[in-house]
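One structure below.
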Amino acid sequence: MKIAVLPGDGIGTEIVAEAVKVLEVLDLQFEMESALVGGAAFDAHGHPLPDATLQLAKDADAILFGAVGDWKYDTLDRPLRPEQAILGLRKNLGLFANFRPAICYEQLVGSSSLKPELIAGLDILIIRELTGDIYFGQPRGRRMATDGHFPGAEEAFDTMRYSRPEIERIAHVAFQAARKRSKKVTSVDKANVLETFQFWKDVVTEVHAQYPDVELQHMYVDNAAMQLVKAPKAFDVIVTGNMFGDILSDEASMLTGSIGMLPSASLNSKNQGLYEPSHGSAPDIAGKGVANPLATILSAAMMLRFSLNQEEAAQRIEAAVQKVLAQGLRTPDIYSAGTTKVGTSEMGDAVVRALG
Ligand code: NAD
């Protein structure tokens, strides 16, 4: 089993080191190789995704990724910015299905801004399509308007588009994931306004005919945003497009209290995957040794489950994380009175000990 380890920038290096620590004590045969990505790769090689890093990722069964980005790169041309590395990896590896579970751990109910009764026991899975939609649709750009409200004025435009195969494959992923859970899928769209999402709704409905045992509900994105804070436990699997998924998955992540707890996986059709925490490189706390490594450690557990076929090891890690939370250990982002504040590496060490 070959794992490409790409720590990236900011807290990426600190949190990935803890996940690697956890993987190393499991009794499994891994080959792990690290490479630079993001701003660190730009500084060393002039590109956020150097050829050697891309090749390492392509040759691996899975990629363990930290985070990329720092405000100091914001003035670079867009293709050279650190975040382009993630887009490049998604595109080159065909990573079209993004899994973001939002789980509220019993011990962290008090960290959420919502009332405990609304989020206790929350366990939802957002499946976001990753390679299409308005983020990638062509044409896009700036030009002088020839029509619209202000002909002759400068304007910018993007193109929202989805093809039938793109929608079909993400719908299959969602229905199959739902079969392993409570057999309920909510497909989120904006079919009342957008042609692209009327098509999305039609195709998801067609694919659903192959999954009669799974319940399908359609919901407009504005309503979904409201329901996520009103009654989040009413959802199980949510499937949606790239842009709506980007926004709703961040909203869902905050239901659980801290983005520092939430793992994610991006998979292609061969189950090769990129595993990363849902948060960014957090330049504001980088180098201070206070970042929460649990999202990255839980991403490593997802990696074992989805790409490396090691369900038992995945469950061991998840149980160890529950155990350290039950012991009252907390990084500052999830700290509350009566618990014990620890740093990044202390938290990693505690998970290693809890593995038993
Ligand atoms: P961010 O997720 O990095 O940080 C948002 C807030 O959450 C900050 O206050 C940060 O301190 C806190 N936070 C994040 N992760 C944490 C952790 N593990 N433990 C404790 N606190 C944590 O988002 P941002 O500040 O908007 O972006 C910072 C940089 O990260 C930008 O350059 C952005 O482009 C990049 N980014 C990268 C990714 C990625 O690599 N996938 C994702 C989002 C943002």
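Remember, it's 1-based here, ligands and their atoms both numbered in the order they're listed.
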Next on the checklist: salt bridge (Lys or Arg N to Asp or Glu O under 4.0 Å) for Lys21 and Glu24? Distances and angles first, verdict last.
Outcome noted: CA-CA 5 Å; Lys21 213 189 251 177; Glu24 276 172 345; over 6 Å; no

Quick one: which ligand 1 atoms are inside 4.0 Å of a heavy atom on [X]?
{"X": "Asp70", "answer": "32 (O)"}
{"X": "Ala291", "answer": "19 (N)"}
{"X": "Ala67", "answer": "40 (O)"}
{"X": "Gly69", "answer": "32 (O)"}

Checklist entry - N/O of Asn292 under 3.5 Å from N/O of ligand 1, yes or no? => result yes

Under 3.5 Å, is there a donor on one side chain and an acceptor on the other for [X] and [Y]?
{"X": "Gln322", "Y": "Glu318", "answer": "no"}
{"X": "Ser307", "Y": "Asn271", "answer": "no"}
{"X": "Asn292", "Y": "Tyr335", "answer": "no"}
{"X": "Arg100", "Y": "Ser278", "answer": "yes"}
{"X": "Gln55", "Y": "Asp51", "answer": "no"}
{"X": "Glu251", "Y": "Ser249", "answer": "no"}
{"X": "Thr205", "Y": "His218", "answer": "yes"}

Please report which non-hydrogen protein atom sits nearest to [atom], along with the residue it belongs to and the distance in Å to one decimal place.
{"atom": "atom 21 (N) of ligand 1", "result": "Ile285 CD1, 3.6 Å"}
{"atom": "atom 39 (C) of ligand 1", "result": "Ile86 CD1, 3.4 Å"}
{"atom": "atom 12 (C) of ligand 1", "result": "Ala282 CB, 4.5 Å"}
{"atom": "atom 27 (O) of ligand 1", "result": "Trp71 CH2, 3.5 Å"}
{"atom": "atom 1 (P) of ligand 1", "result": "Gly280 N, 3.5 Å"}
{"atom": "atom 32 (O) of ligand 1", "result": "Glu83 OE2, 3.1 Å"}
{"atom": "atom 15 (N) of ligand 1", "result": "His279 CG, 3.1 Å"}
{"atom": "atom 37 (C) of ligand 1", "result": "Val68 O, 3.0 Å"}

Checklist entry - Distance below 4.0 Å between atom 10 (C) of ligand 1 and any protein heavy atom? => result yes

Next on the checklist: Is atom 43 (C) of ligand 1 near the protein, in the sense that some protein heavy atom lies at less than 4.0 Å from it?
Outcome noted: yes

Checklist entry - From Met243 CE over to Ile134 CD1, what is the distance, rounded to the nearest 0.5 angstrom? => result 5.0 Å

Measure the distances from the heavy atoms of [X] to every atom of ligand 1 and state whether one is below 4.0 angstrom.
{"X": "Pro283", "answer": "yes"}
{"X": "Asp284", "answer": "yes"}
{"X": "Tyr73", "answer": "no"}

Item to check | ligand 1 versus Ile11: contacting region, heavy-atom distance under 4.0 Å | outcome: side chain

Item to check | Aromatic plane relationship, Phe175 with Tyr211 - under 30° parallel, 30 to 60° tilted, over 60° perpendicular | outcome: parallel

Item to check | Whether Phe42 and Tyr73 hold their rings parallel, tilted or perpendicular, with breakpoints at 30° and 60° | outcome: perpendicular

Next on the checklist: Would Lys190 and Phe197 count as a cation-pi pair here, with the cationic atom under 6.0 angstrom from the ring centre and within 45° of the axis?
Outcome noted: no

